[in-house]
Amino acid sequence: MEKFLAKFNHSQASSSTNGNPSSLIDDLNLDSLEADPGKRVPVAHYNNPQINDEVRKHYIQKGPCQPKMDSYPPTKIGKRMRQFCKIWFEGPYSKWLEYSVEKDFVYCLCCYLFKDGFFYGSTSEFYTKMGFRSWNRALERFRKHVGDVNSIHNKCFNKMLDLSNHHQSIQVVIDKHSQKLKNEYRMRLEASIDVSRLLLQYGLSFQGHDESESSINQGFFLGFLRWHGDKHPAVGKVILENSPQNDTLTCPMIQKDIANACAKETLKAIIGDLNENYFGILVDESKDISHKEQMTLVLHFVNKNGEVVERFIDPVHVSDTSACSLKKAIYSLLSVHSLSPFKIRGKGYDGASNMKGDKINGLKTLIMKDSPSAYYIHCFSHQLQLTLVAIAKKYLDVEDFFDHVSNVLNVVRGSFKRRDLLCDHQAKKLEQLFESDVVQKGQGLHQERGLQRPGDTCWGSHFKTLDNFIVIFSYIVHVLEVIELEGSTSSDRNQAEYLLTNIKTFKFIFVLHLMLKVLAMSNELSKMLQKKRSRYC
């Protein structure tokens with residue numbers, strides 16, 4: 001035992017925890033805690049006992065990191081190649097044995113969490129910091145690490161069990177209260193959970209601008225909770241003003257805890273539906289409202305019912321969008337949910353150079369080095385949109401045409417007065433056609449047409465804009481003529497005159513009808529490619 005379990009050095013322990021104050025961590029972000037045991041920060045580096053307990057509770061709730069892969073990296077030991085066996089995750093070591101994909105070492109979860117509390121003994125740094133990789137004698141070393149009943153490992157393991165046994169500690173407190181108080185607390189909690197689930201299901205915000213008692217609009221959470229109490233008098237008697245002021249279960253922190261619990265249960269259901277089978281990933285980059293770069297990940301897999309489904313996993317903040325950073329973020333997110341990157345069987349993302357690049361630095365190439373079966377598929381509908389954009393920019397006449405259309409939209413939609421003028425002129429012309437019996441009346445016919453600004457990347461919206469442009473072309477001309485005569489400034493009048501001259505030319509009218517026919521065909525093709533049963537998107 002002594003030859004592989006190092007003795008604990010009191011001076012080293014004190015210097016590592018107290019001698020270097022700059023290495024201590026004063027705040028905690030549970031989302032930033034590493035799941036891979038080879039990349040974790042020691043618990044002793046958190047400069048607060050409460051933070052230490054929160055870290056321990058987090059890892060206990062997550063459980064040991066046990067990625068189950070088809071094969072593990074081999075290591076030459078002696079004259080033979082040895083590797084980790086996933087069957088070791090089962091049996092007597094299942095509750096504490098951890099494996100690091102990053103370093104190809106095994107660790108002990110309970111010793112990592114609690115071994116610093118025992119200064120008179122040691123559990124060996126091999127199972128907490130350095131890791132262990134002598135696969136030829138793994139089972140023998142595991143048994144020696146566990147030791148007898150009074151070993152450091154077993155004491156750490158018992159501490160982990162005590163901290164994880166929330167029911168016992170909460171039950172002691174609850175038993176001091178009457179059964180009535182327990183029932184009321186449960187009703188308040190269930191009411192808050194029910195309202196939170198409703199808001200999460202429809203993507204509604206929880207909090208309002210003013211949640212004071214005098215406010216007439218306290219936000220969706222308090223509003224729905226009050227409505228729920230009005231509809232169910234038994235619940236209304238124990239929530240909000242009728243509940244103890246220190247136990248209302250409505251504060252923002254409680255709302256966030258409920259939302260996080262719902263998110264964890266949803267992710268747990270998704271991973272359970274995957275059932276450790278092969279899957280594909282869909283990756284894209286986006287920015288949140290604070291302009292922080294994020295990566296979104298979607299799993300594409302066959303569920304237990306044999307249905308092909310796509311499930312959104314999580315947005316992850318990334319410091320930069322280079323291929324190496326995105327790969328690291330993807331692997332880290334998969335590791336959190338005990339998913340192996342070697343089971344990826346398909347990838348889908350846009351055609352940017354850092355994503356699709358066939359060179360050594362492309363995300364596509366980096367992932368295929370680890371998993372050769374992770375084939376890349378670029379969405380055919382997205383390729384069609386890129387082709388249309390490239391062609392439109394290549395031909396000067398088409399590019400000038402869309403510039404004129406964009407300018408007309410800016411002028412006609414520039415104010416509410418001009419929009420009302422366009423709508424009123426449509427209504428008057430349609431009324432005249434009804435009086436002369438030129439058109440027929442009927443439900444759904446002759447709907448009011450508008451000029452919606454097309455999207456830069458979704459060229460299906462360009463088809464709708466051009467279709468409306470042709471139908472209400474005479475009304476657009478009328479609005480421009482009014483602006484030309486009655487514009488508030490000379491700049492508005494000159495711009496209206498210039499646009500009138502351009503849109504009345506044969507060239508503009510010809511390109512308008514030509515592009516409408518081209519976009520009509522590409523729009524139908526785009527819709528076919530985006531259908532749920534399509535094999536190309």
side-chain contact (heavy atoms from CB on, under 4.5 Å) against Asp370, all qualifying residues, sequence neighbours excluded: Lys327, Tyr331, Phe342

Evaluation steps, side chain to side chain contact (heavy atoms under 4.5 Å, CB included), between Phe312 and Leu267: CA-CA 9 Å; Phe312 173 77; Leu267 286 173; over 6 Å; no

Nearest heavy atoms of Tyr112 and Val41, plus distance in Å: OH-O, 2.6 Å

Set of residues satisfying salt bridge (charged side-chain N to carboxylate O under 4.0 Å, His left out) with respect to Arg143, sequence neighbours excluded: none

Aromatic ring pairing His145/Trp96, orientation class (parallel under 30°, perpendicular over 60°, tilted between): tilted

Any donor-acceptor pair under 3.5 Å from Asp467 side chain to Phe463 backbone: no

Val309 vs Val302 side-chain heavy atoms within contact, under 4.5 Å: no

Short side-chain to backbone donor-acceptor contact, Ser522 and Leu519, under 3.5 Å: yes

Reported CD1-to-CD1 distance for the pair Ile344 and Ile330, which is rounded to 0.5 angstrom: 7.0 Å

Any Tyr278 side-chain heavy atom under 4.5 Å of Asp70 side chain: yes

Backbone of Ser212 reached by a side-chain donor or acceptor of Asp210 within 3.5 Å: yes

Asn303 (side chain) donor-acceptor with Asn305 (main chain) under 3.5 angstrom: yes

Pair Arg56 + Asp53, salt bridge at N-O below 4.0 Å: yes

Residue pair Leu516 / Phe469, side-chain heavy-atom distance below 4.5 Å: no

Check: Gln66 side chain, Leu97 main-chain N or O, donor-acceptor pair, under 3.5 Å: yes

Worked verdict on Met81 versus Thr75 for side chain to side chain contact (heavy atoms under 4.5 Å, CB included): CA-CA 5 Å; Met81 299 298 292; Thr75 302; 5.8 Å; no

Salt-bridge present (Glu102, Arg40; N to O < 4.0 Å): no

Candidate pair Phe402 and Met515, rule side chain to side chain contact (heavy atoms under 4.5 Å, CB included), full reasoning: CA-CA 10 Å; Phe402 280 109; Met515 291 306 300; 3.9 Å; yes

Pairwise side-chain contact, Ile254 with Cys251, heavy-atom cut-off 4.5 Å (strictly under): yes

Nearest-0.5 Å distance, SG of residue Cys156 to CE of residue Met160: 9.5 Å

Geometric class of the His232/His228 ring pair [parallel <30°, tilted 30-60°, perpendicular >60°]: tilted

Check against ring pair (Phe, Tyr, Trp, His ring centres under 6.0 Å), Phe89 and Phe84: CA-CA 10 Å; Phe89 286 143; Phe84 179 83; 5.1 Å; yes

Exercise: identify the closest heavy-atom pair between Glu98 and Gly63: OE2-O, 4.4 Å

Pairs flagged by salt bridge (charged side-chain N to carboxylate O under 4.0 Å, His left out) wherever residues 259-283 is involved - sequence neighbours left out: Glu265-Lys268

Verdict with reasoning, Ser100 to Asp36, per side chain to side chain donor-acceptor pair (under 3.5 Å): CA-CA 5 Å; Ser100 171; Asp36 192 301; 2.5 Å; yes

Ser371 side chain vs Met368 backbone, donor-acceptor pair below 3.5 Å: no

Gap separating the NE2 atom of His153 from the SG atom of Cys110, nearest 0.5 angstrom: 4.0 Å

Side-chain heavy atoms of Lys95 within contact of Phe157, under 4.5 Å: yes

Derivation of the side chain to side chain donor-acceptor pair (under 3.5 Å) call for His300 and Glu310: CA-CA 5 Å; His300 186 93; Glu310 291 180 358; 3.0 Å; yes

Tyr72-Tyr99 aromatic ring centre distance below 6.0 Å: yes

Reported CZ-to-CZ distance for the pair Phe301 and Arg345, which is rounded to 0.5 angstrom: 16.0 Å

Validation row: Pro37, Cys65 side chains within 4.5 angstrom (heavy atoms): yes

Side chain to side chain donor-acceptor pair (under 3.5 Å): pairs with one or both residues in residues 82-94, sequence neighbours excluded: none

Main-chain N/O of Glu34 paired to Lys39 side chain as donor or acceptor, under 3.5 Å: no

Show me, pair by pair, the donor-acceptor contacts under 3.5 angstrom made by side chains of residues 189-209, not counting sequence neighbours?
{"unit_1": "Ser192", "atom_1": "OG", "unit_2": "Arg188", "atom_2": "O", "d": "3.2"}
{"unit_1": "Ser192", "atom_1": "OG", "unit_2": "Leu249", "atom_2": "O", "d": "3.0"}
{"unit_1": "Ser196", "atom_1": "OG", "unit_2": "Ser192", "atom_2": "O", "d": "2.8"}

Distance-only side-chain donor-acceptor flag, Ser215 / Asn217, under 3.5 Å: no

Worked verdict on Phe114 versus Leu109 for side chain to side chain contact (heavy atoms under 4.5 Å, CB included): CA-CA 9 Å; Phe114 294 100; Leu109 174 62; over 6 Å; no

Heavy-atom pair of closest approach, residues Tyr107 and Gly38: OH-CA, 3.6 Å

Inter-residue atom distance Leu274.CG - Leu339.CG, 0.5 Å rounding: 6.0 Å

Which residues share a salt bridge (charged side-chain N to carboxylate O under 4.0 Å, His left out) with Glu241, sequence neighbours left out: Arg226

Under 3.5 Å side-chain donor-acceptor pair for Thr248 and Thr250: yes

Taking every non-hydrogen atom, the tightest pair across Arg311 and Ile270: CB-CG2, 3.7 Å

Phe279 atom CZ, neighbour heavy-atom count above 12 within 6.0 Å: yes

Spatial distance of atom CG (Leu299) from atom CG (Leu297) [nearest 0.5 Å]: 5.5 Å

Neighbour count above 12 (heavy atom, 6.0 Å) for Gln61 CD: no

Min side-chain heavy-atom separation Val106-Arg133 under 4.5 Å: no

Minimal non-hydrogen separation, Gln294 against Pro315, with atom names: OE1-CB, 4.1 Å

